[in-house]
Amino acid sequence: MIGLSVAVGRFVEALFWAIFRVAGTVAAAVVMGIAVLVVCGVFARRWMRQRRGR
């Protein structure tokens with residue numbers, strides 16, 4: 001009975017860490033995507049200002 005309890009505990013712990021790993025990866029991807037959009041927006045604004053000035 002103790003062996004089964006340990007096995008269930010290890011399974012739940014592995015599941016817990018797998019969920020956090022996936023959530024961390026998704027969060028990092030979202031943050032990187034937002035950062036890329038912000039940088040592209042800044043460059044687009046600068047480019048549009050230069051084109052208007054000519």
Exercise for the section: Apply side chain to side chain contact (heavy atoms under 4.5 Å, CB included) to Leu15 and list each qualifying residue two or more places apart in sequence or on a separate chain. Expected result: Phe11, Ile19
Exercise for the section: Please check if Leu4 and Val12 belong to a single hydrophobic cluster, counting links between Ile, Leu, Val, Met, Phe, Trp and Tyr side chain heavy atoms closer than 4.5 Å. Expected result: yes
Handout entry: Value rounded to 0.5 Å, distance of CZ in Arg46 from CZ in Phe43
Key = 6.0 Å
Completion exercise
The side chain to side chain contact (heavy atoms under 4.5 Å, CB included) partners of Ile34 (sequence neighbours excluded) come to Val30, Val38
Practice task
Give, for atom CZ of Arg45 and atom CE of Met48, the distance between the pair rounded to the nearest 0.5 Å.
Solution key: 11.0 Å
Problem - Partner residues of Val36 under the side chain to side chain contact (heavy atoms under 4.5 Å, CB included) criterion, sequence neighbours left out - result: Cys40
Fill in the blank from the handout: Apart from Phe16 itself, its cluster of hydrophobic side chains linked below 4.5 Å comprises Trp17, Phe20
